[in-house]
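Data block below; observations after.
Sequence lines set the chain letters: A, B, ... in the order given, protein chains first and strands last, and positions in each chain run from 1. Since this is a predicted model, take the numbers as computed values, not measurements.
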There are 2 protein chains.
Amino acid sequence: MSPAPRTARATARAELTRAILDSAATQLADIGPAALSVRAVARDLEMASSAVYRYFPSRDALLTALIVEAYDDLGAAVEAVERAVRRGDLRGRWRAIAHGIRDWARAHPHQYALTHGSPVPGYAAPADTVVPATRVTLALLTVLRDAQAAGRTPAAGPARVSAAEKAALGPVLAFVDPPLSPAFAVRGLTAWATLFGHVSLELFGHMHRGVLDYDTHFATVVDQLGADLGLG
Amino acid sequence: MSPAPRTARATARAELTRAILDSAATQLADIGPAALSVRAVARDLEMASSAVYRYFPSRDALLTALIVEAYDDLGAAVEAVERAVRRGDLRGRWRAIAHGIRDWARAHPHQYALTHGSPVPGYAAPADTVVPATRVTLALLTVLRDAQAAGRTPAAGPARVSAAEKAALGPVLAFVDPPLSPAFAVRGLTAWATLFGHVSLELFGHMHRGVLDYDTHFATVVDQLGADLGLG
DNA sequence: ACAATGACAAGAGCAGTGCTCTTGTTTGTT
DNA sequence: AACAAACAAGAGCACTGCTCTTGTCATTGT
């Protein structure tokens, strides 16, 4: 993370690192994470496979870099569509985030599988990935915070949240400032799970193809969740 | 699927097939699906790797068999806990199903990843898997049907379901008899997505470890969904 | 009872993988 | 100019899924 001197060698290294990532990203989008091969990347760049290991110490490290990029790409996409909505239009912002997630996932199924599918076996997501992974969660929580600040309250649901659950929520409440009320947080986390559950079930082929019109149904669910959250 | 003659050869084949599946299942639970190796299975059974291919034409076929077994295992586990609840206790049945899914997933994380995680790359789930995959969905829909028959109605949510959404729901309504009302189906599908979304986010490490007490929070969410469904 | 047929196990082998080690070259620093 | 670090390339190891060939056994038809 140091500024890296602008020597010929340093710029060459930076360029090659990017080239490796780009080639890997292309392969990832084409054939999926498990079939990603450092030898194939090396072939694509017309270099020796052993040379790639000078830039990424292992295949997993390369995969990790791709995961970080995917999270960032998703985060940027969601933030972009959400930013385009008038601040006061809480329902619109919620809709933008929800559909933004699904649209991105459908456009980048392999990346979505990498970030939100089963973790690559024998591979534990390193710390580098958690910060970029937070971006869309933060966008969602921010909308909830604004809703709370605007005096909205979750429409339905158990009136009061048990003390145990309040404790269970813990630091989640303080992810935004001012902190979320437990009731809002519970509904918010539920909506979050519903969103990703829906996208996962759709993308991973669990909603029997042809039996359901995803576009329509997802829109219905999103609006329902929005209503549950008291956004409109 | 033919009754298979009871010759010495046939029984030997059946036994070896089972032995292969058992060894593969053990490996799967240990090291995950991607690391599952037919050569390792062959080593475990002290046979030539090429001999395994006489029983399963490819590694994917072996994986498919394991997926079917996993779905059946999950289905059986959920049905077992649900059956233990008094029929009239709709909320209890719902809770049993929900917690049954999560408990099974936590006890068999690799199997869960196989069934509900990202599909193994370059691998499309064949038709054999869809029937066993339906078991838990059917259990959930049956509870909803019974709730509907008992006069319950979804607590919250948009009063009426749009015509487009009714059409989108399509055959899902008729999965049980008598068919589900659209309002119930929407809520039910949403709850279904929330359930699996929650379990996936928890198991795949997206809910920041330590920040949330899963046991308590999941119970809260389940009860909230139950209330949304009008089950108590 | 015998011979033909099919199922089977085993081994060698191919093409591919991640990764390491060694060798020789280029670049940047003192 | 001298030295050290960074680099590319190649060979090689151990592994993978899978195929093909060879030889053996059980089952079946005559």
Pair A:H116, A:L74 - check side chain to side chain contact (heavy atoms under 4.5 Å, CB included), show working. CA-CA 11 Å; A:H116 293 84; A:L74 168 62; 3.8 Å; yes
How far apart are the C-alpha atoms of A:F218 and A:H99, what are their side-chain angles, what is the distance that settles it, and do they pass the ring-ring contact (aromatic ring centres under 6.0 Å, His included) test? CA-CA 8 Å; A:F218 185 76; A:H99 288 276; 5.3 Å; yes
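Computed from coordinates, the B:M47 CE to C:dA9 P distance equals 5 Å when rounded to whole Å. For the pair B:F56 CZ and D:dT19 P, the interatomic distance rounds to 16 Å; values are reported in whole Å.
For A:R43, the side-chain atoms get nearest to C:dT17 when compared with the rest of C:dT17, C:dA9, D:dT27. Here the nucleotide nearest the side chain of B:R9, chosen from D:dA8, C:dG28, C:dC8, is C:dC8. Comparing C:dG18, C:dT20, D:dC7 against the side chain of A:R59 picks out C:dG18 as the nearest. Of all nucleotides listed (C:dT17, D:dC18, D:dC7), D:dC18 comes nearest to the side chain of B:S58. The listed nucleotides are C:dT20, C:dG28, C:dC8; the one nearest the side chain of A:A8 is C:dG28. Each of D:dA9, D:dG17, C:dA9 was ranked by its minimum atom distance to the side chain of B:Y53; first place goes to D:dG17. Set against D:dA8, C:dC8, C:dA10, the side chain of B:S50 has C:dA10 as its closest nucleotide.
Of the two residues near DNA chain C, A:S49 and B:A48, the one whose nearest nucleotide lies more 5' is B:A48.
Counting any heavy atom pair closer than 4.0 Å across all strands shown, A:L36 reaches sugar-phosphate atoms only and no base atom. Among the heavy atoms of the strands lying under 4.0 Å from A:L16 are primed sugar atoms or P, OP1, OP2 only; no base atom is included.
The base of C:dG16 does not come close enough to the side chain of A:R39 for any donor and acceptor atom to sit less than 3.5 Å apart.
Distances shorter than 4.0 Å separate none of the side-chain N or O atoms of A:S37 from OP1 or OP2 on C:dG16.
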